[in-house]
Every structure is written in structure tokens, then in C-alpha cells.
Amino acid sequence: MIERRGILDAMDCLFCKIVAGKIPSKKLYEDELTYAFPDINPQAPTHVLIVPKKHIASLVKTDAGDKDLLGHLLDVAREQAKEQKLGNGYRVVINTGANGGQTVDHLHLHLLGGRAMHWPPG
Ligand code: 5GP
Ligand code: ZN
């Protein structure tokens, strides 16, 4: 039942549809585990989204068994930052849950760069 719920969530998920090519996006990077594409509403000159291909609703839904995947997502973020020539620095963000400002319930990293970031974030 829990597994079935997961499949139903994935069928209805925006980023699963993007990964599957059902909603168009510009591919910036892809491997067997991950997919990266530009955010539709960029918050910086460079704004890349990096998602696992498998449906995971948020960081909350991961555990120690996802260590390799989570590490890999960070590897992809670092390599995308090089690819996007963000040598002056960048920010990697995982909005999580309602208070974290998450609006799409499929785990994703934001890679933001091309301008100086502010701290604390809003
Ligand atoms: P969150 O707010 O969940 O951390 O981030 C979701 C991000 O997905 C937002 O920055 C939003 O602009 C982006 N987004 C929403 N819909 C689409 C879409 O259809 N295509 C792309 N490329 N990005 C999207
Ligand atoms: Zn999904």
C-alpha cells in the first residue's frame, strides 16, 4: 500500500514528468541516477535544478540508505558549477517542507550563481 502510494505520487509529480520527458526541459546533465535542467523562474543568472530520477518527495523521506545518492547529487552540483563557470562561488539549496519553502514535492537541489548571494536567506 505504501509502495502503491509512492507510485501514484510519482505519476502525478511535475519533476517525474520532466525526467520522463513528458514536460519539456533543457537537459544540462543526465546520468543513470540524476537529471539537471534550468529553473523555469530563475532567481539568479544561473539557476539549475538537480533531481534524482527516482521519486523521493523530499529530504525528509531519505535515510542513511540514500547516502550514495545524496552524495552523488552534491557531486553533480559541484560539476555543474564548474560547467556553468561559477568560479566566483555559488549556493546549493534544498528547500524542505512547508517552512523550508518547498513547492515541488520531488527532492531537488537548487544551484544558484552568477551574482553575490545574501545571508541570512529570506
Ligand atoms: P522549490 O520551491 O520546491 O524549492 O523549487 C521548485 C522550483 O521548481 C521553483 O524554483 C520553480 O521555479 C521550479 N519549477 C516549477 N515548475 C517548473 C517547470 O515546469 N519547469 C522548470 N524547469 N522548473 C519549474
Ligand atoms: Zn517525482
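The chain is numbered in sequence order, starting from 1. Order of appearance sets the numbers: ligands from 1, and atoms from 1 within every ligand.
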**Request:** Give the residue and atom name of whichever protein heavy atom lies nearest to atom 8 (O) of ligand 1, and the separation in Å to one decimal.
**Result:** Phe15 CZ, 3.4 Å

**Message:** Check Lys53 with Glu32, please: is the shortest side-chain N to carboxylate O separation under 4.0 Å?
**Reply:** no

**Request:** Please write down residue, atom name and distance for the protein heavy atom closest to atom 1 (P) of ligand 1.
**Result:** His108 NE2, 3.1 Å

**Message:** With side chain to side chain contact (heavy atoms under 4.5 Å, CB included) as the test, pick out the partner of Leu107 among Ile50, Val51, Ile94.
**Reply:** Ile94

**Prompt:** In ligand 1, which numbered atoms sit nearer than 4.0 Å to a non-hydrogen atom of Gln102?
**Reply:** 3 (O)

**Asked** So does Lys61 pair up with Asp105, basic N to acidic O under 4.0 Å?
**Response** no

**Request:** Give the atoms of ligand 1, by number and element, whose distance to some non-hydrogen atom of Asn41 is under 4.0 Å.
**Result:** 12 (O)

**Request:** Assess whether atom CG of Asp63 is packed by more than 12 heavy atoms of other residues, nucleotides or ligands within 6.0 Å.
**Result:** yes

**Asked** Between His108 and Asn95, does a side chain to side chain donor-acceptor pair (under 3.5 Å) hold up when you go through it step by step?
**Response** CA-CA 8 Å; His108 51 282; Asn95 294 327; 5.4 Å; no

**Prompt:** Which single N/O/S atom of His106 lies at minimum distance from the Zn ion (ligand 2)?
**Reply:** ND1

**Prompt:** Counting N and O atoms only, with roles assigned by atom type, does the side chain of Asp66 sit under 3.5 Å from a partner on the main chain of Leu69, one being a donor and the other an acceptor?
**Reply:** no

**Asked** Between Gln102 (side chain) and Val104 (backbone), is there a donor-acceptor pair under 3.5 Å?
**Response** yes

**Message:** Determine whether a donor-acceptor pair (N or O, by modelled atom type, separation under 3.5 Å) exists between the side chain of Arg115 and the backbone of Gln43.
**Reply:** yes

**Request:** Give yes if a backbone or side-chain nitrogen or oxygen of Leu49 is under 3.5 Å from a nitrogen or oxygen of ligand 1, and no if not.
**Result:** no

**For atom 17 (C) of ligand 1, closest protein heavy-atom neighbour** = Ile40 CG2, 3.6 Å

**Asked** SG (Cys13) to the Zn ion (ligand 2) to SG (Cys16): angle, nearest 10 degrees?
**Response** 120°

**Request:** Could you establish whether Ile18 and ligand 1 come within less than 4.0 Å of each other, counting only heavy atoms on the residue side?
**Result:** yes

**Message:** Taking a cutoff of less than 4.0 Å between a non-hydrogen atom of the residue and any ligand atom, is Pro38 in contact with ligand 1?
**Reply:** yes

**Asked** Tell me, which protein residue and heavy-atom name are nearest atom 11 (C) of ligand 1, and how many Å apart are they?
**Response** Asp39 OD1, 3.4 Å

**Fill in**
Nearest non-hydrogen protein atom to atom 16 (N) of ligand 1, with distance, is Leu14 CD2, 3.2 Å

**Request:** Give me the ring orientation class for His55 and His106: parallel if the planes are under 30° apart, tilted from 30 to 60°, perpendicular past 60°.
**Result:** perpendicular

**Asked** Does at least one non-hydrogen atom of Gln43 fall below 4.0 angstrom from an atom of ligand 1?
**Response** no

**Complete:** Note: ligand 1 atoms sitting under 4.0 Å from heavy atoms of Phe37 are 21 (C), 22 (N)

**Asked** Among protein heavy atoms, which sits nearest to atom 3 (O) of ligand 1, and what does the distance come to when rounded to 0.1 Å?
**Response** Thr103 N, 2.7 Å

**Heteroatom of His55 nearest to the Zn ion (ligand 2) (N, O or S, atom name)** = ND1

**Message:** Does Met117, at its CE atom, have more than 12 non-hydrogen atoms belonging to other residues, nucleotides or ligands within less than 6.0 Å?
**Reply:** yes

